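Scroll down for the structure; my scribbles are underneath it.
Since the model is a prediction, treat every value here as computed from it, not as a measurement.
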Amino acid sequence: MLTAQQITEAKKHVRYQRQVNAHEHDDCIKIAYEWLDAQTKTKAPLKRSHPIKHIIEQWGGRYISSSDVEVAAVLHPRIKGRYPYFNISSHLTLPHADRLAEIPEARGQGVELTSDHVSQTYSRIEASPDSRKIAILAGTRFKMSGLGALQYPDLAHKSGTVILVRLRSTGVTVLFDDARTPTVLHQIFISPLSD
């Protein structure tokens, strides 16, 4: 995890694009760093710009300034380029929610990460750091993931069975134990139940 001293030093070396540089909290830079770290690095910078700061805000659940992203990019050893044209793939990766676990300010301002935003923004989902994670296949018993419980509090304690997984989609069709009709959820909102 980045230290306050590293962040303070990095701020001195950033060629900011704006004259007024807003930094609400060091955790904003940590959130941006984790998001950048999860992206696939490329040899060349992006050719078209993404609204990177807004995308990171949705994932991190709080306000992030473009200045925060610029500092995070300077801190990251494999990120090159200037905001928003970094050397990351245009096929964005949704970082795993565990990356936010040690950042107190993350998800602190009520910004919701919706399934619509995820499906419209991301092409990939970062794998769980738990290498023992079971693949989600039809027939898999599941519970709601931590992110799923945040997004759908009414479903937080429910479980069910995956009934359909599409190869070209990030959505899965599930049947909750007490339901008569199936529901389609993004894969990030469920976790396999261990035996």
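Side-chain atoms of Arg15 never come within 3.5 Å of backbone atoms of Arg82 as a donor-acceptor pair (strictly under, hydrogens ignored). The main-chain N or O of Tyr63 is found under 3.5 Å from a side-chain atom of Gln109 such that the two form a donor-acceptor pair. Under the 3.5 Å distance criterion, the side-chain polar atoms of Ser119 are matched with a main-chain donor or acceptor of Asp116. No donor-acceptor pair under 3.5 Å is formed between the side chain of His50 and the backbone N or O of Ile52. Judged by distance alone, with hydrogens and angles left aside, the side-chain atoms of Glu105 form no donor-acceptor pair with the main-chain N or O of His25 at under 3.5 Å. Side-chain atoms of Ser67 do not come within 3.5 Å of backbone N or O of His23 as any donor-acceptor pair. Although no hydrogens or angles enter the test, the distance criterion places a donor-acceptor pair under 3.5 Å between the side chain of Arg124 and the main chain of His91. A side-chain donor-acceptor contact under 3.5 Å links Asn87 to the backbone of Lys80.
Atoms CD and CE, on Glu102 and Met1 in that order, are 6.0 Å from each other to the nearest 0.5 Å. Here Lys41 contributes atom NZ and His76 contributes atom NE2; the two are 4.5 Å apart, rounded to the nearest 0.5 Å. Separating the CD1 atom in Ile103 from the CG atom in Asp26 is a distance of 11.0 Å, to the nearest 0.5 Å. Once rounded to the nearest 0.5 Å, the distance linking CG of Leu113 with CZ of Phe189 reads 5.5 Å. Interatomic distance, OG of Ser89 versus CG of Leu46, reported as 7.5 Å (0.5 Å rounding). Atom NE2 in His13 sits 15.0 Å away from atom CD in Glu70 (nearest 0.5 Å).
Closest approach of Ile163 to Ala138, counting heavy atoms only: O-CB, 4.0 Å. The minimum heavy-atom distance between Ala32 and Asp68, with the atom names listed, is CB-O, 4.2 Å. Counting all heavy atoms, side chain and backbone alike, Trp59 lies closest to Ile31 at CZ3-O, 3.5 Å. Closest approach of Glu112 to Gln58, counting heavy atoms only: O-NE2, 2.9 Å. When every heavy atom of Thr140 is checked against every heavy atom of Pro192, the shortest pair comes out as CG2-CB, 3.9 Å. Here the shortest heavy-atom pairing between Ala72 and Ile29 reads CB-O, 3.7 Å.
With sequence neighbours excluded, the residues that form a side chain to side chain contact (heavy atoms under 4.5 Å, CB included) with Lys158 are Leu155, Phe176, Asp178. Residues forming a ring-ring contact (aromatic ring centres under 6.0 Å, His included) with Tyr85 (at least two apart in sequence, or on another chain): none.
When hydrophobic clusters are built by joining Ile, Leu, Val, Met, Phe, Trp and Tyr residues whose side-chain heavy atoms come closer than 4.5 Å, directly or via intermediates, Leu75 is not grouped with Trp35. Using a 4.5 Å cut-off between side-chain heavy atoms of Ile, Leu, Val, Met, Phe, Trp and Tyr, with links allowed through other members, Ile56 and Val71 fall into different hydrophobic clusters. In terms of hydrophobic clustering, with Ile, Leu, Val, Met, Phe, Trp and Tyr side chains grouped at heavy-atom distances under 4.5 Å, Leu175 and Tyr152 are assigned to different clusters. In the hydrophobic cluster analysis, where Ile, Leu, Val, Met, Phe, Trp and Tyr join through side-chain heavy atoms closer than 4.5 angstrom, Val69 is grouped apart from Val74. Tracing side-chain contacts under 4.5 Å through hydrophobic residues (I, L, V, M, F, W, Y), one reaches Val165 starting from Ile190; they form part of the same cluster.
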- Message: Working note: Lys11 + Tyr16, criterion side chain to side chain contact (heavy atoms under 4.5 Å, CB included); need CA distance, chi angles, decisive distance, verdict.
- Response: CA-CA 9 Å; Lys11 287 177 183 177; Tyr16 290 106; 3.8 Å; yes

message = Pair Ser65, Glu24 - check side chain to side chain contact (heavy atoms under 4.5 Å, CB included), show working.
response = CA-CA 8 Å; Ser65 70; Glu24 281 190 5; over 6 Å; no

For this session: Test Glu57 against Lys53 for salt bridge (charged side-chain N to carboxylate O under 4.0 Å, His left out), laying out the working first.
Result: CA-CA 6 Å; Glu57 285 174 345; Lys53 98 169 203 71; 2.6 Å; yes

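Here the side chains of Pro95 and Gln39 are in contact, with some heavy-atom distance below 4.5 Å. In this structure, the side chains of Met144 and Leu185 come closer than 4.5 Å at one or more pairs of heavy atoms.
Salt bridge status for Arg99 with Asp37: present, with a side-chain N to carboxylate O gap under 4.0 Å. The pair Lys143-Asp177 does not meet the salt-bridge criterion, since no charged nitrogen lies less than 4.0 angstrom from a carboxylate oxygen.
Aromatic rings of Tyr122 and His186 (six-membered ring for Trp) have centroids beyond the 6.0 Å cut-off, not under it.
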